[in-house]
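Below, chain A is the first sequence line, B the second, and so on; all start at residue 1.
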Amino acid sequence: MATPKPRVKVPKSASAGEVITIKTLISHKMESGQRKDKDGNKIPRQIINKFTCEFEGKPVFSCDIEPAISANPYFEFPAKVMESGTFKFTWVDDSGDVYTHEQAIEVK
Amino acid sequence: MQVTRRQALGLSAGAAAFVAFGPGITPAFADEAATEKMLMEFTGGKTPGSGKVTLKAPEIAENGNTVPISISVDSEMTEQSYVQSVMLLAEGNPNPGVATFHFSPMSGEASATTRMRLAGTQNVVAVAKMNDGSVFMDKKQVKVTIGGCGG
């Protein structure tokens, strides 16, 4: 599988105390472990099992994920920003791989 | 015993009603016991109250592979009072667990949107746990035209 590519949408700037909406998506097939290949063997599960979002090292939002989340998992969630800083997004794969992405926001 | 035509009709109607609303109502996958168990593990044995949580899902989902779903919880989201986590469950999937969202006071408000898989027409449940331990839930039925579990 191609390396999962994260895509994140964070507003470039916000006013202090504003609640912004963050949208994230990562390309991943999210193999549920329920499907069978043409010989009738189960295709082993391989999903993203955890997603976290931190702001300057402090947890904002996280999510434990089960196979019932669709392929290319998409999450939309709010965050309250008080000061300029960087959001760090982490996706943890069943394979042990970790994909990260960082995005800065400027608070006026 | 002599059974009149009227009695016979009444009996068969009763039997038909029993079949329709009795055990026959559970669809193939449905594992309400497993859902209940996960729910209780999450709440720590408490029965969730209603209100506060809003679950938004389409009434009819054409494709069970990607069903958009949003939850929001009515809360001030301050250090003193905030929503700790929200668990999403699908009663009719092979595994009832869907996802658990964890919030913090830095979330500002407690809401989230994602896309989920549904194996067939079923109830989707959202349970929210507050930082003081109280739990609330909302339930919605989603009709699915094409199931999304690649069977």
Exercise. Is there a donor-acceptor pair under 3.5 Å between the side chain of Arg117(B) and the backbone N or O of Pro67(A)?
Worked result: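 Checked: pair present.
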Exercise. Counting N and O atoms only, with roles assigned by atom type, does the side chain of Thr114(B) sit under 3.5 Å from a partner on the main chain of Tyr74(A), one being a donor and the other an acceptor?
Worked result: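 Yes; judged by distance alone, with no hydrogens or angles, the pair exists.
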Just wondering, more than 12 heavy atoms not from [X] lying within 6.0 Å of its [atom1]?
X        : atom1 : value
Arg7(A)  : CZ    : no
Glu62(B) : CD    : no
Glu56(A) : CD    : yes
Glu79(B) : CD    : no
Lys88(A) : NZ    : no

For this session: For the pair Asn65(B) and Met30(A), evaluate side-chain contact (heavy atoms from CB on, under 4.5 Å) and give the outcome as yes or no after the intermediate values.
Result: CA-CA 11 Å; Asn65(B) 265 315; Met30(A) 296 290 279; over 6 Å; no
Does [X] share a hydrophobic cluster with [Y], counting links as ILVMFWY side-chain heavy atoms below 4.5 Å and allowing steps through other members?
X         : Y         : result
Phe101(B) : Val125(B) : no
Val73(B)  : Val127(B) : no
Leu55(B)  : Leu118(B) : yes

Problem set entry | Residue pair Pro78(A) / Ser111(B): nearest heavy atoms and the distance that separates them |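 Closest approach of Pro78(A) to Ser111(B): CD-O, 2.9 Å.
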Exercise. What closest approach, in Å, do Thr66(B) and Ser70(A) show between heavy atoms, and which atom pair accounts for it?
Worked result: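 Minimum heavy-atom separation between Thr66(B) and Ser70(A): CA-OG, 3.4 Å.
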Problem set entry | Partner chain A: residue of Ser85(B), Ala112(B), Ser72(B), Ser107(B) with the largest heavy-atom pair count (under 4.5 Å) |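 Looking at each of Ser85(B), Ala112(B), Ser72(B), Ser107(B) in turn, Ser107(B) comes out on top.
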For this session: Would you mind checking which part of Ile20(A) comes under 4.5 Å of any heavy atom in chain B, side chain (CB onward), backbone (N, CA, C, O), both or neither?
Result: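 Answer is neither: Ile20(A) stays 4.5 Å or more from chain B.
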Exercise. Where does Pro59(A) contact chain B at under 4.5 Å (heavy atoms): side chain, backbone, both or neither?
Worked result: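 Backbone only.
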For this session: Rounded to the nearest 0.5 Å, what's the gap from NZ on Lys23(A) to OG1 on Thr113(B)? Could you check?
Result: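 The distance works out to 9.0 Å.
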For this session: Run through Asp64(A), Val60(A), Thr52(A) and flag the one making a side chain to side chain contact (heavy atoms under 4.5 Å, CB included) with His102(B).
Result: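 For His102(B), the side chain to side chain contact (heavy atoms under 4.5 Å, CB included) test succeeds with only one of Asp64(A), Val60(A), Thr52(A), which is Asp64(A).
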For this session: Report the C-alpha distance between Asn95(B) and Gln34(A) in whole Å, list the side-chain angles of each, state the deciding distance to 0.1 Å, and finish with yes or no for side-chain contact (heavy atoms from CB on, under 4.5 Å).
Result: CA-CA 10 Å; Asn95(B) 299 310; Gln34(A) 300 283 342; 3.7 Å; yes
Exercise. Out of Phe51(A), Phe75(A), Phe77(A), which one racks up the most heavy-atom pairs below 4.5 Å with chain B?
Worked result: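 Maximum pair count with chain B is reached by Phe75(A).
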Exercise. Hey, which of Ala71(A), Cys63(A), Pro73(A) has the most heavy atom pairs under 4.5 Å with chain B?
Worked result: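 Most heavy-atom pairs under 4.5 Å with chain B: Cys63(A).
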